[in-house]
Amino acid sequence: MRKLLTMSVLVYFLYGLFVYLYLFHFTSSGVPPQYAGSLADPETFMDGRELLLSEEYSKIKNFLFFVTTPFEWFLFLIILVTGLSRKMSGWAKGISKFSIVQTAVYLFWLTLFVTILSFPIEWGGYKISTAYQITTQVFSSWMKDQLIDFWVNYLLMIIIVTVLYFFIRKSAKRWWLYTWLLSIPFSFFLMFVQPVLIDPLYNDFYPLKDKELEAKILALADKADIPAEHVYEVNMSEKTNALNAYVTGVGSNSRIVLWDTTLERLNDDEILFIMAHEMGHYVMKHIYVGIAGYLVLSLGALFFIDKLMTVIIKKWGTRLNIKGKQEISSLPLFLMLLGILVFAASPFSNAVSRYQEKSADMYALEMTKDNEAGIYTFQKLSKASLSQVNPPQLVKIFRYGHPTIFERIQYLEKYEE
């Protein structure tokens, strides 16, 4: 056990060192020389201080992403090899003979343990964002959101894990298929209720106050044959200086949402370009394509997790204090493997997302015929979030679900040509 932990720490350290050297010494985020002075060159729309801050902030955030992503996997490994998972399972069994109660008790301790150990990282990310004036949220409000996250995730996990281990115990060979089949209606249900039940826990949503702007947006929606009645505004200025707009939900609960920071900093033409982009997602049914892609990936993930858990428990079950995958104490292994597979699949899912985002940009261009508004919008988005215009390749592959600002401005410029 000591040898395994030592090797894990060494690998983690070497990985962190590689990430640091790659981001801070081996790569550059500058635009290619032939694009110097173009509208995609940040030196044309950022001042010296903004250039410095965006470079610093982006490197720090990217480093934290790559270093903290495997940290949770490492925590799950520690929980297993130290026998803590088996102890928590024993505590749960000592409280009740009902499996759903045992699951709830076990999950509470597991979630609490991971949350406490991960808190310094979350707090550090919050402090960095406030230092660079991306986050405007006061600590008490931030802590409130953390507590909401804890309880929402905990309640959802009780449902998911109870069903998961019910199928594992009933069908050791086909549990992954039954779990996946049940996840289909559950995923649609969550997407349906999220705009009306979950999102309002964090922020206040209300119909767009600027009725003149709303009329323009609804006219654009009518032009695209979208049955929209309202555009929603959310008070994000209490939490961030970043800009955003998005489409959420499915069916009658689908919503187009604008952050109030977006309304404050963009003019009507730029907002209409963003809205046309979001309408492009709706018209091209990207939400449903995304759901289909998620379901395909989740089926593959559950299948591989089943095979991997079988092999790992057979070879190293004693070291990990796991007798069989039907035990609730095997959950950290399940979550660790799930996290690794999701991270490994992120280059593919991000590539699909970038393709969809570019398609939505092209749709917005065709709808508005205003590439200038699009260019200024992307410049302002980059400035507000202090994001790199042309990030390193690994950052783009693993982090970017949108084309880079450099790419987006480039094809907007080419559209006019």
Side-chain angles (χ1 to χ4, degrees), residues 100 103-104 107 111 144-145 147-164 166-167 176-208 214 217-218 220-222 224-236 239 244-260 262 274-302 338 342 345 349 352-353 356-357 359-360 363 401-402:
I100 188 170
T103 299
L107 277 174
T111 306
K144 177 185 174 183
D145 283 352
L147 290 172
I148 292 173
D149 276 344
F150 178 90
W151 289 110
V152 169
N153 292 334
Y154 172 65
L155 293 174
L156 287 175
M157 284 294 288
I158 289 176
I159 299 171
I160 295 169
V161 174
T162 298
V163 173
L164 172 68
F166 170 81
F167 285 131
W176 55 273
L177 179 59
Y178 302 143
T179 301
W180 178 77
L181 289 172
L182 197 59
S183 74
I184 297 175
F186 185 69
S187 298
F188 275 97
F189 172 75
L190 283 182
M191 292 190 71
F192 184 78
V193 303
Q194 179 179 338
V196 294
L197 292 182
I198 299 177
D199 289 348
L201 294 174
Y202 297 89
N203 300 290
D204 296 326
F205 293 79
Y206 35 82
L208 187 60
E214 184 178 48
I217 294 172
L218 294 178
L220 199 64
D222 183 64
D225 294 323
I226 297 174
E229 296 181 0
H230 295 289
V231 178
Y232 287 87
E233 180 180 343
V234 56
N235 63 328
M236 288 299 296
K239 297 183 178 182
N244 197 17
Y246 60 91
V247 176
T248 186
V250 293
S252 59
N253 275 2
S254 60
R255 288 181 174 182
I256 298 175
V257 180
L258 275 165
W259 287 9
D260 60 347
T262 303
I274 290 179
M275 288 293 94
H277 171 99
E278 298 303 333
M279 291 172 191
H281 286 306
Y282 181 92
V283 170
M284 291 180 279
K285 299 185 174 14
H286 286 166
I287 292 176
Y288 298 100
V289 172
I291 294 173
Y294 159 76
L295 291 175
V296 171
L297 289 175
S298 63
L299 176 62
L302 288 171
L338 178 62
V342 168
S349 59
V352 172
S353 177
Q356 291 181 335
E357 294 297 334
S359 299
Y363 182 87
H402 290 70

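Numbers here simply count residues along the sequence, with the first being 1.
Here the shortest heavy-atom pairing between Val196 and Pro200 reads O-CG, 3.6 Å. The heavy-atom pair separating Ile217 from Met279 by the smallest distance is O-CE, 3.3 Å. Contact detail for Leu208 and Glu233: the closest heavy-atom pair is CD1-OE1, 3.6 Å. Across Ser353 and Gly401, no two heavy atoms sit closer than the pair OG-O, 2.6 Å. Listed here is the closest heavy atom pair of Ala245 and Met275: CB-CE, 3.9 Å.
Side chain of Thr162 to backbone of Ile158: a donor-acceptor contact under 3.5 angstrom is found. Counting only distance, with no hydrogens or angles, the side chain of Trp180 and the backbone of Ser298 share no donor-acceptor pair below 3.5 Å.
The closest side-chain heavy-atom distance from Ile184 to Phe188 is below 4.5 Å. The shortest side-chain heavy-atom distance between Ile159 and Phe186 falls under the 4.5 Å cut-off. In this structure, Tyr246 and Asn244 have side chains that are in contact, with non-hydrogen atoms separated by less than 4.5 Å. Contact annotation: the side chain of Phe167 approaches that of Leu182 to within less than 4.5 Å [non-hydrogen atoms, C-beta and beyond].
The distance from atom CG of Leu201 to atom CG of Asp145, rounded to the nearest 0.5 Å, is 10.0 Å. Note: Ile160 CD1 to Leu155 CG = 11.0 Å, rounded to the nearest 0.5 Å. Between atom OG1 of residue Thr111 and atom CG of residue Asn153 there is a gap of 8.0 Å, rounded to the nearest 0.5 Å. Separation of atoms CG (Leu258) and CE (Met236) is listed at 12.5 Å; rounding is to 0.5 Å. Atom CG of Leu299 is separated from atom OH of Tyr294 by 11.0 Å, given to the nearest 0.5 angstrom. Considering CD1 of Ile198 and CD1 of Ile148, their distance stands at 11.5 Å, rounded to 0.5 Å.
If you check the side chains of Asn235 and Tyr206, you find no donor sitting under 3.5 Å from an acceptor.
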**Asked** Given His277 and Glu357, is the side chain to side chain donor-acceptor pair (under 3.5 Å) satisfied, shown in steps?
**Response** CA-CA 8 Å; His277 171 99; Glu357 294 297 334; 2.8 Å; yes
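Counting heavy-atom neighbours within 6.0 Å of Leu156 CG, excluding the residue itself, gives a total above 12. Heavy atoms from other residues, nucleotides or ligands lying under 6.0 Å from CZ of Phe166 number 12 at most.
Using the six-membered ring where Trp is involved, Trp151 and Tyr154 have ring planes that are perpendicular, over 60° apart on the 30 and 60° scheme.
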